K.L.:
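Okay, handing you the structure first.
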Amino acid sequence: MNFTAKLRARRVEARNRKAVARAIEMAPTPAMRHELMAIAQSQVTTLR
């Protein structure tokens with residue numbers, strides 16, 4: 001991977017983290033919040 005590709009990947013990762021954090025904050029119910037947290041956590045372990 002070249003430098004530009006790494007930079008793009010890092011930006012996409014940051015954008016996705018922000019979107020997930022925003023979705024968790026705006027979740028209408030605690031159950032939905034916990035579900036989003038579980039999904040986000042499971043995706044982090046599979047990406048690395």
Side-chain angles (χ1 to χ4, degrees):
M1 229 191 220
N2 62 19
F3 178 74
T4 307
K6 286 181 182 180
L7 190 60
R8 277 193 199 115
R10 187 176 288 182
R11 286 181 181 166
V12 167
E13 220 175 280
R15 194 177 313 130
N16 288 343
R17 273 196 310 270
K18 288 178 186 177
V20 168
R22 201 174 315 122
I24 290 171
E25 286 177 13
M26 297 180 70
T29 63
M32 178 73 78
R33 190 175 304 118
H34 290 294
E35 188 70 24
L36 288 169
M37 285 180 192
I39 292 169
Q41 194 170 25
S42 69
Q43 287 180 349
V44 168
T45 57
T46 58
L47 291 176
R48 295 188 180 190

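All values reported here derive from a predicted model rather than from experimental measurement.
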K.L.:
Please check if atom CE in M37 has more than 12 non-hydrogen atoms from other residues, nucleotides or ligands closer than 6.0 Å.
P.N.:
yes
K.L.:
Can you name the one residue among R17, R15, R11, R10 that meets salt bridge (charged side-chain N to carboxylate O under 4.0 Å, His left out) with E13?
P.N.:
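With E13 as partner, R17, R15, R11, R10 yield a single salt bridge (charged side-chain N to carboxylate O under 4.0 Å, His left out), made by R17.
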K.L.:
Distance from H34 atom NE2 to I24 atom CD1, nearest 0.5 Å?
P.N.:
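So the gap between those two atoms works out to 10.5 Å.
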K.L.:
So, for A23 and L36, which heavy atoms are closest and what is the spacing to 0.1 Å?
P.N.:
O-CD1, 3.6 Å
K.L.:
If every non-hydrogen atom of M32 is compared with every non-hydrogen atom of A27, which pair is closest and at what distance?
P.N.:
CG-CB, 3.9 Å
